[in-house]
There are 2 protein chains.
Amino acid sequence: MADFDTLKERLEQHLARHGLKHTRQREAILRVFAGTREHLSLDELLRRVQREMPGVGYATVYRTMKLFTAAGVAHERRFGDGQTRYEPVAVDDEHHDHLICVRCGRIYEFDDALIERRQVEIARERGMRIVSHRHDIWVICCGGEE
Amino acid sequence: MADFDTLKERLEQHLARHGLKHTRQREAILRVFAGTREHLSLDELLRRVQREMPGVGYATVYRTMKLFTAAGVAHERRFGDGQTRYEPVAVDDEHHDHLICVRCGRIYEFDDALIERRQVEIARERGMRIVSHRHDIWVICCGGEE
DNA sequence: GTCCGTGCAAATAGTTTGCAGGACC
DNA sequence: GGTCCTGCAAACTATTTGCACGGAC
């Protein structure tokens, strides 16, 4: 679970720097969002936020997650199921990639120094500079049963 | 460029095995599709097919590409720009991953034995079996200019 | 008071599907 | 001739935007 206070501070800085405002909705969404390690879709996030603040609209959550992404508080992920998911940025901002179980839908994280290093070499060999990457591995994690 | 005859044969086998039919449209779409190494979106593909067979509809190309994917003739790719792209399966069926230039949009391919091997280890260490994967690296390929 | 944010509803974009007529074997 | 295929148009899904009102500073 990401550290709420750290994310909040990061968000406040972004708001201040861009002349944006602190609102009850943004606070509530951040609290819900920071309180999970799952990769939540907007619908799931909306549902959870509405539990502690009914009346919040989809568009607000949508725009807030774009804001969080710009503020370096959230990562946007698309795993190809047609849903955009959001994940709190780790406090140390360490990168990681994903293992997705095609049976149960669970999402695991991995980070491998060897692969990271090799990527940089591959780009360098071609005279390219890496901007970002994603490395998703679809697996069966549970031996066949849910 | 993928070998048209090889892809055609692979498609014919799939059609025969599933009681499906050979049509002029499918032939035309395969010809256009096999004749490129680019990663074409449906719109681009449709436009090209219509040049040699006007009147072909979007839905036909759409369904045909799903068919090609099932037949092992095309790979479906999503690079996060909101467009599904299709790429001919290489004759030797070798896997590869992608480098995408965020400036000019060009898509390059790479294949790295070290990374491939490492992935398998990562999954095995966790008792998972790999189903598939994608590894996309966004880069600046052109030193800043288009 | 001003500007930004919210919630609603409508617009958009890409994809998917139902159906009537046409093509394939 | 029966079945599959096509092209059109409509439905769907997720996302994005316009706007009038409300809230933050």
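Order of the sequence lines fixes the chain letters, A, B, ..., with proteins taken first and strands second; residue numbering starts at 1 for each chain. All values derive from a computational prediction rather than experimental measurement.
When distances are taken from the side chain of B:T23 to each of D:dT3, C:dT16, D:dT6, the shortest belongs to D:dT6. With D:dG7, C:dG14, C:dC4 as the candidates, the nucleotide lying closest to the side chain of B:T60 is D:dG7. Taking every side-chain heavy atom of A:R26 into account, C:dT6 is the closest of C:dT6, C:dA23, D:dA24. Closest approach to the A:Q25 side chain among C:dT6, D:dC4, D:dT16 is made by C:dT6 (side chain taken as heavy atoms from C-beta onward). Checked against C:dT6, D:dT16, C:dA23, the side chain of A:Y62 finds its nearest nucleotide in D:dT16. Closest approach to the B:L42 side chain among D:dT16, D:dC8, C:dT15 is made by C:dT15 (side chain taken as heavy atoms from C-beta onward). Comparing C:dG7, C:dC4, D:dC5 against the side chain of A:A59 picks out C:dG7 as the nearest.
A distance of 6.0 Å or more separates the ring centres of B:H39 and B:H75.
Rounded to a whole Å, the CG atom of B:L46 is 13 Å from the C1' atom of D:dC8. Atom pair B:H22:NE2 and D:dT6:C1' shows a separation of 15 Å (rounding to whole Å applied). For the pair B:Q50 CD and D:dT6 P, the interatomic distance rounds to 14 Å; values are reported in whole Å. When rounded to the nearest whole Å, the span between CG of B:L15 and P of C:dA23 equals 19 Å. Counting to the nearest Å, the P atom of D:dA14 and the OH atom of A:Y86 are 14 Å from each other. The interatomic distance linking A:L20 (CG) with D:dG23 (C1') rounds to 15 Å, in whole Å. To the nearest angstrom, P of C:dG14 lies 18 Å from CD of A:Q83. Between B:K66 atom NZ and C:dT15 atom P there is a gap of 8 Å when expressed in whole angstrom units.
In this structure, A:R63 reaches the bases: a heavy-atom distance under 4.0 Å links it to at least one base atom across the strands shown.
Considering only side-chain N and O atoms, B:R24 lies under 4.0 angstrom from the phosphate OP1 or OP2 of C:dC24. Residue B:Y58 places at least one side-chain N or O closer than 4.0 Å to OP1 or OP2 of C:dT15. Distances shown here put every side-chain N or O of A:T84 at or beyond 4.0 Å from the OP1 or OP2 atom of D:dA14.
Side-chain contact annotation: A:R26 with A:T64, donor-acceptor N/O pair under 3.5 Å absent. No side-chain donor-acceptor contact under 3.5 Å links A:E9 and A:T6.
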Report task. Verify ring-ring contact (aromatic ring centres under 6.0 Å, His included) between A:F110 and A:H135, making sure each step is shown before the conclusion. Result -> CA-CA 10 Å; A:F110 75 92; A:H135 190 170; 5.6 Å; yes
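Residues B:P54 and B:K21 each lie close to DNA chain D; by heavy-atom proximity, the contact nearer the 5' end of the strand is made by B:K21.
Ring geometry for B:H133 versus B:H95: interplanar angle of 30 to 60°, hence tilted.
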